[in-house]
Amino acid sequence: MTEKVLQSGTHIARYDAVEKPDHAFEAQVFVRLTREPEIAETYIPAGLFATEEEALAGARERAERALKEHEF
């Protein structure tokens with residue numbers, strides 16, 4: 001796992017690329033208020049990609065959009 005974190009004001013977005021059994025990589029985004037526990041996160045699927053690098057880029061882009069659009 002290569003989890004990364006972005007923060008914007010009072011919100012946080014974690015993103016990651018997870019290898020699936022078929023060797024594709026799933027881009028995952030989790031958003032929440034910084035004062036909330038991780039269990040309160042909202043999961044946002046960000047797609048499947050052929051490589052980990054592509055998945056991380058897709059997840060980061062989706063995490064940035066979630067913070068900008070206040071998707072929680």
Side-chain angles (χ1 to χ4, degrees):
M1 287 201 166
T2 55
E3 180 181 289
K4 309 287 185 195
V5 177
L6 298 176
Q7 186 171 348
S8 176
T10 60
H11 295 90
I12 193 167
R14 292 185 308 113
Y15 64 97
D16 202 356
V18 178
E19 188 170 8
K20 304 308 270 183
D22 64 357
H23 303 291
F25 288 85
E26 179 183 14
Q28 300 178 343
V29 177
F30 302 88
V31 294
R32 65 181 166 88
L33 289 167
T34 55
R35 68 176 184 263
E36 297 291 333
E38 284 187 17
I39 197 162
E41 290 179 324
T42 299
Y43 169 69
I44 301 173
L48 293 172
F49 297 85
T51 68
E52 182 178 27
E53 293 78 19
E54 291 172 331
L56 283 172
R60 181 180 176 92
E61 181 179 306
R62 186 63 182 93
E64 289 171 347
R65 189 175 96 201
L67 290 175
K68 180 181 177 187
E69 303 287 330
H70 302 283
E71 298 178 34
F72 325 107

Sequence neighbours excluded, which residues qualify as salt bridge (Lys or Arg N to Asp or Glu O under 4.0 Å) partners of Glu41?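 Arg14, Arg32.
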Using the salt bridge (Lys or Arg N to Asp or Glu O under 4.0 Å) criterion, which residues pair with Lys68? Sequence neighbours excluded.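 Not a single residue meets the salt bridge (Lys or Arg N to Asp or Glu O under 4.0 Å) criterion with Lys68.
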Please report the closest heavy-atom contact between [X] and [Y], naming both atoms and the distance.
X: Val29; Y: Ala46; result: CG2-CB, 4.3 Å
X: Thr34; Y: Gln7; result: CG2-NE2, 3.3 Å
X: Glu64; Y: Leu6; result: CG-CD1, 3.6 Å
X: Ala17; Y: Ala55; result: CB-CB, 3.7 Å

Exam field: side chain Glu26 to backbone Gln28, donor-acceptor pair closer than 3.5 Å: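 No, Glu26 side chain to Gln28 backbone: no donor-acceptor pair under 3.5 Å.
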By side-chain hydrogen bond (donor to acceptor under 3.5 Å, both in side chains), which residues pair with [X], not counting sequence neighbours?
X: Arg62; result: Glu71
X: Glu53; result: none
X: Ser8; result: none

Working for salt bridge (Lys or Arg N to Asp or Glu O under 4.0 Å), residues Glu61 and Arg65: CA-CA 6 Å; Glu61 181 179 306; Arg65 189 175 96 201; over 6 Å; no
Does any part of the side chain of Ile12, heavy atoms only, come nearer than 4.5 Å to the side chain of Val31, both counted from C-beta?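 The answer is no; the side chains never approach within 4.5 Å.
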Got Glu52 and Leu56 here, is their nearest side-chain heavy-atom distance under 4.5 Å?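 Yes - at least one pair of side-chain heavy atoms lies under 4.5 Å apart.
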How would you list all residue pairs meeting ring-ring contact (aromatic ring centres under 6.0 Å, His included) that involve residues 23-55, not counting sequence neighbours?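 Qualifying pairs: Phe30-Tyr43.
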